[in-house]
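Below you'll find the structure, written out as structure tokens, and then a few comments.
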Amino acid sequence: MREKELRLALVCYGGISLAVYMHGITKEIWHLARASRAFSAGEPAEGASEDVYRRLLALIEDEAEIWLRILVDIIAGASAGGLNGIFLAQAISSGQSLEPLTSLWLEKADVDQLVDPEARPGSRLSKMWATPIAWALAGRETGLEETVEPAARAEVKAKLASFVRGRWFEPPFGGAGFTGVILDALDAMEARPAGPPLLPEGQPLDLFVTVTDFHGHPERLHLHSPDEVVETEHRLTLAFCDRGRSGPDGGPGLGDAAELAFAARATASFPGAFPPFTVAELDGVLATRGRDWPTREAFLTRSLPRQAAAGQIDSAALIDGSVLANAPFRPAVDALRNRPARREIDRRFVYVDPHPGNRIMRLNTPGAISQPGFFQTIFGAMSDIPREQPIRDNLEAIEGRSARINRMREITDAIRPEVEATIEDALGSTFFLDSPTPSRLLAWRAKAHDRAGKGAGYAYASYGHLKLTTVNEELAILLHSLAGPTAASLDAYRDAIADHIVAKGLRAPHSLIGGRVAESVVLFFRQHDIRFRVRRLRFLARRIEAMEQHGELLRQAAQTMREGLFDALAPYLARQSDDFYDEAARAAARIAVDQPEAALDWLAQTRDLAALDQGADERLAEAFTALPRAERRVMLYAYLGFPFYDIAMLPLLQDEGLDEFDPIKVDRISPEDARAIREGGAEASLKGIQFNSFGAFFSRVYRENDYLWGRLHGADRMIDIVASTLPAGRSLPPGAIAGLKRDIFRAILGEERDRLTHIPDLFEKLAAEIG
């Protein structure tokens, strides 16, 4: 039985009132994650829909002999997608339920609830002349008479008329009220009994939410001439991570509820609809509710470092994250670094686009192709174009990364026979090679390193320089991060460490000659090169996976070896995280620009990699000994031969793709992709697309409709994505996928019928279409 993890990095787009539809999708992903956790623990599923997912996993196990676990461990979102991503991340990390949110979405995501009390019409005659405009808009521009159930038309018309007759030239929706709704949602989740977290212990969950800093903050750029210029940066990404430990007893969790509310309110502050978000607004809401925010200063300093350094946190005005970054792939890709991998990984980037190809604020007639007019050009540049750019650049970056990983695999496979022959020649006759101990591993490693350096010849110099550059960069990033927002620029840290390396003669031509590397260089790598150790242990994990896939290594033996590897790996990874270091460490980091040698000496003493190496050798010696003799020698050859592979791989990948070591696949969830029930995309199913995507704010009928379709579309696509993890040449029985989809659609209708009481006709239509 092969063990495999389907890891989902979820990227959620903005969509204004289509947030209700996206809630249905993210809730279905949550149901899948819960079903997978229960299946892996041998527990029954909770609910009829989760039982269908459990049956799918059991079918994959029976038919394809794959034990599959599904993990959602990276979530990035903007605007409505950021809002939903925050709730989903909190549920996954803490084990809390998303169920309470559904009632809040259906009840609170309404114009009557969201409109600022001061923005309501002052009297029945207030802007009464605008009422015919509202009715005309409802009937002529959006086809309300044809698309809305008769029972909802009066409600939509009345709310639309009231909305139009409210105050003008100020945002109609209330910021403080919206913040209160978000806090209520988080409180409702916490109030329900929580289950276990949906990620294994030690598996981190990363959450990224994009925000737009309206005023912007200065960023210094280095040029040739002049030496430095200052540009204004408006993009912000708020990052949360539970470090693989869920709160409150198991660890810090994602963060305080106030911090999550900060991110949710800021990212969903749609320009013109809500006022810009400020820290003062959140402080006021918390004070009204009598809530403390114990981590306030630390969070604001981390999230708004430039504003904190300038003493301008209170003046920061934050607006919708989708203005400049509606598809936040980049932080999700960056989060792949240093993720634990104990078994074969199928990494997917799944992006949720509720209405593909649709401009949020359409300024022309749908389908018309003509030269834009004066106002269309101006307003399009301000609203449409930045947020609606295609994700081609992101996909090309992911594709390029996957291509480099595939080339790395090809290279290692090609040179493996020669490497193993070289290790056999150097160590094969060693009497105790089949009986590794920590001291023997140390001696054999040194001999293999020497042989690799001599074999590389002049190419070793470029490899050595690249290693120095890699270590320089890692040290600079770590020390700069530890120093905090008042530190000098990252470039200053890079330059200071680079100058120190040169001053020590580590880059001298005679210091990096293959087979005769200067002792000072060797010492520097022993003290500071964590990434080499990590790459070596990850390489062994890949070798285990390959042997297991080809039947060369039994499952139990492979698992024993994995446990040894990841026990050895964990302390190295811990030292790459800021959490490992105390305040004394941060004080030392602040002197690194002026006194790099003192800072690096302190860092070497604190990390004590020599002691870690000793502990790793002890754990690996045990793991090697537990393997059968033939497999033990194969793994030893891979371990001792790693310097040969690293000399070939590092210049190609430069550390990229050496953690999760499989190519990335990209999947989309949208109405256009979920066709098992009904063709026609969003226009055939969603109501929230009306009124420039504000539609679901005007009717409970709209919200119930879109939420239900969100669950159905989410289930449709997630079954497809899970089934696509099967290896080439393996498939499920004919009709199995269609049958599972039919069962889960029926289960969802059964679970939601009593809650969604405003759309009985839709239930009847869907029951007939599902069959």
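Reckoned from all heavy atoms, side chains included, excluding hydrogens, waters and symmetry mates.
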* **Minimum heavy-atom distance Gly695-Ser17, with the two atoms named** => N-OG, 3.4 Å

* To do: Give a yes or no answer on whether the side chain of Thr267 reaches the backbone of Ala264 with a donor-acceptor pair at less than 3.5 Å.
  => no

* Within 45° of the six-membered ring axis of Trp293 and under 6.0 Å from that ring's centre, is NZ or CZ of Arg291 located there? -> no

* So, does Asp706 use its side chain to make a donor-acceptor pair with the main chain of Gly688 at under 3.5 Å? -> yes

* **Sidechain-backbone polar pair: Arg703 side chain, Ala696 backbone, donor-acceptor under 3.5 Å** => yes

* **Side chains of Tyr21 and His713, donor plus acceptor under 3.5 Å** => yes

* Structure fact -> Of all heavy-atom pairs linking Leu68 and Ser36, the shortest is O-OG, 4.4 Å

* Side chain of Ser40, backbone of Arg37: donor and acceptor closer than 3.5 Å? -> yes

* Asked: Is Thr210 close to Leu236 at the side-chain level, that is, under 4.5 Å between some pair of heavy atoms?
  -> no

* Asked: What do the steps show when you test Val72 against Leu32 for side chain to side chain contact (heavy atoms under 4.5 Å, CB included), and what is the final call?
  -> CA-CA 10 Å; Val72 183; Leu32 173 61; over 6 Å; no

* Can you tell me how far the CE atom of Met189 sits from the CG atom of Leu104, to the nearest 0.5 Å? -> 10.5 Å

* To do: Applying salt bridge (charged side-chain N to carboxylate O under 4.0 Å, His left out), name anything that partners Glu107, two or more places apart in sequence or on another chain.
  => none

* Asked: Is the shortest side-chain N to carboxylate O distance from Arg34 to Glu43 below 4.0 Å?
  -> no

* Is a side-chain N or O of Gln96 found less than 3.5 angstrom from the main chain of Ala194, in a donor-acceptor match? -> no

* Hey, is CZ on Phe763 packed in by over 12 heavy atoms from elsewhere, all under 6.0 Å? -> yes

* Can you name the salt bridge (charged side-chain N to carboxylate O under 4.0 Å, His left out) partners of Arg192, sequence neighbours left out? -> none

* State the SG-CG distance between Cys12 and Leu88, to the nearest 0.5 angstrom. => 7.5 Å

* For Glu769, does the CD atom sit with more than 12 other heavy atoms under 6.0 Å from it, leaving out its own atoms? -> yes

* To do: Search all heavy atoms of Ser685 against all heavy atoms of Trp709 and return the closest pair with its distance.
  => O-CD1, 3.3 Å

* To do: Answer yes or no: is there a side-chain heavy-atom contact under 4.5 Å between Asp716 and Ile677?
  => no

* Side-chain (Asp110) to main-chain (Leu106) donor-acceptor, under 3.5 angstrom -> no

* Check the pair Tyr702, Val20 against side chain to side chain contact (heavy atoms under 4.5 Å, CB included), reporting the backbone distance first and the verdict last. => CA-CA 9 Å; Tyr702 277 20; Val20 181; over 6 Å; no

* Show the numbers, then the answer: is there a side chain to side chain contact (heavy atoms under 4.5 Å, CB included) between Asp184 and Arg289? => CA-CA 11 Å; Asp184 289 342; Arg289 294 175 173 232; 2.8 Å; yes

* Do any pairs count as a salt bridge (Lys or Arg N to Asp or Glu O under 4.0 Å) and have a residue in residues 261-271, sequence neighbours left out, and if so which ones? -> Arg265-Glu281

* Asked: Looking at OH of Tyr351 and CZ of Arg668, how far apart are the two atoms once the value is rounded to the nearest 0.5 Å?
  -> 5.0 Å

* Asked: Excluding sequence neighbours, so at least two apart, what forms ring pair (Phe, Tyr, Trp, His ring centres under 6.0 Å) with Tyr53?
  -> none

* Asked: Do the side chains of Leu749 and Leu708 get nearer than 4.5 Å, heavy atoms only?
  -> yes

* Between CH2 of Trp105 and CZ of Phe87, what distance do you get to the nearest 0.5 Å? -> 6.5 Å

* Any side-chain donor-acceptor pair under 3.5 Å between Ser670 and Arg717? -> no

* **Contacts of Lys108 that satisfy salt bridge (charged side-chain N to carboxylate O under 4.0 Å, His left out) - sequence neighbours left out** => none

* To do: Verify the distance criterion only: is there a donor paired with an acceptor across the side chains of His31 and Glu751 at less than 3.5 Å?
  => no

* Side chain proximity check, Ile92 to Ile75, heavy atoms < 4.5 angstrom -> yes

* Asked: Would you find a donor on one side and an acceptor on the other, under 3.5 Å apart, between the side chain of Arg675 and the backbone of Glu672?
  -> yes

* Structure fact -> In terms of heavy-atom contacts, Pro100 and Ser97 come closest through CD-O, 3.4 Å

* May I ask you to decide if the ring planes of Phe349 and Phe329 are parallel, tilted or perpendicular, using 30° and 60° as cut-offs? => parallel

* Residue that, paired with Ser49, satisfies side chain to side chain donor-acceptor pair (under 3.5 Å) out of Arg711, Glu28, Arg746 -> Arg711

* Asked: Do the non-hydrogen side-chain atoms of Pro328 and Thr237 ever get within less than 4.5 Å of each other?
  -> no

* To do: Look only at the side chain of Thr288 and the backbone of Gly284, and say whether a donor-acceptor pair between them is shorter than 3.5 Å.
  => yes

* Structure fact -> From the list Asp353, Thr26, Val350, side-chain contact (heavy atoms from CB on, under 4.5 Å) with Ile669 holds only for Val350

* Asked: Can you find a heavy atom in the side chain of Lys741 that is under 4.5 Å from one in the side chain of Asp720?
  -> yes

* To the nearest 0.5 Å, tell me how far Asn84 CG sits from Met22 CE. => 5.5 Å

* Ile721 backbone acceptor or donor facing Ser724 side chain under 3.5 Å -> yes

* To do: Of all the heavy-atom pairs spanning Leu205 and Ile74, show the shortest one and how long it is.
  => CD1-N, 4.1 Å

* **From Ile182 atom CD1 to Leu282 atom CG, the distance as rounded to the nearest 0.5 Å** => 9.5 Å

* Structure fact -> salt bridge (Lys or Arg N to Asp or Glu O under 4.0 Å) pairs touching residues 76-99, sequence neighbours excluded, are Lys27-Glu99, Glu99-Arg755

* To do: Flag the pair Arg348 and Asp667 as a salt bridge only when some basic side-chain nitrogen lies within less than 4.0 angstrom of an acidic carboxylate oxygen.
  => yes

* **Pair Leu8-Ile70, side chain to side chain contact (heavy atoms under 4.5 Å, CB included): steps then yes or no** => CA-CA 8 Å; Leu8 305 180; Ile70 300 163; 4.3 Å; yes

* **Beyond-backbone contact of Leu101 with His23, side-chain heavy atoms, under 4.5 angstrom** => yes

* Structure fact -> All heavy atoms of Pro197 vs all of Ser93, minimum pair found to be CB-O, 3.4 Å

* To do: Using a 4.5 Å cut-off on heavy atoms from C-beta on, say whether the side chain of Ile319 contacts that of Phe277.
  => no

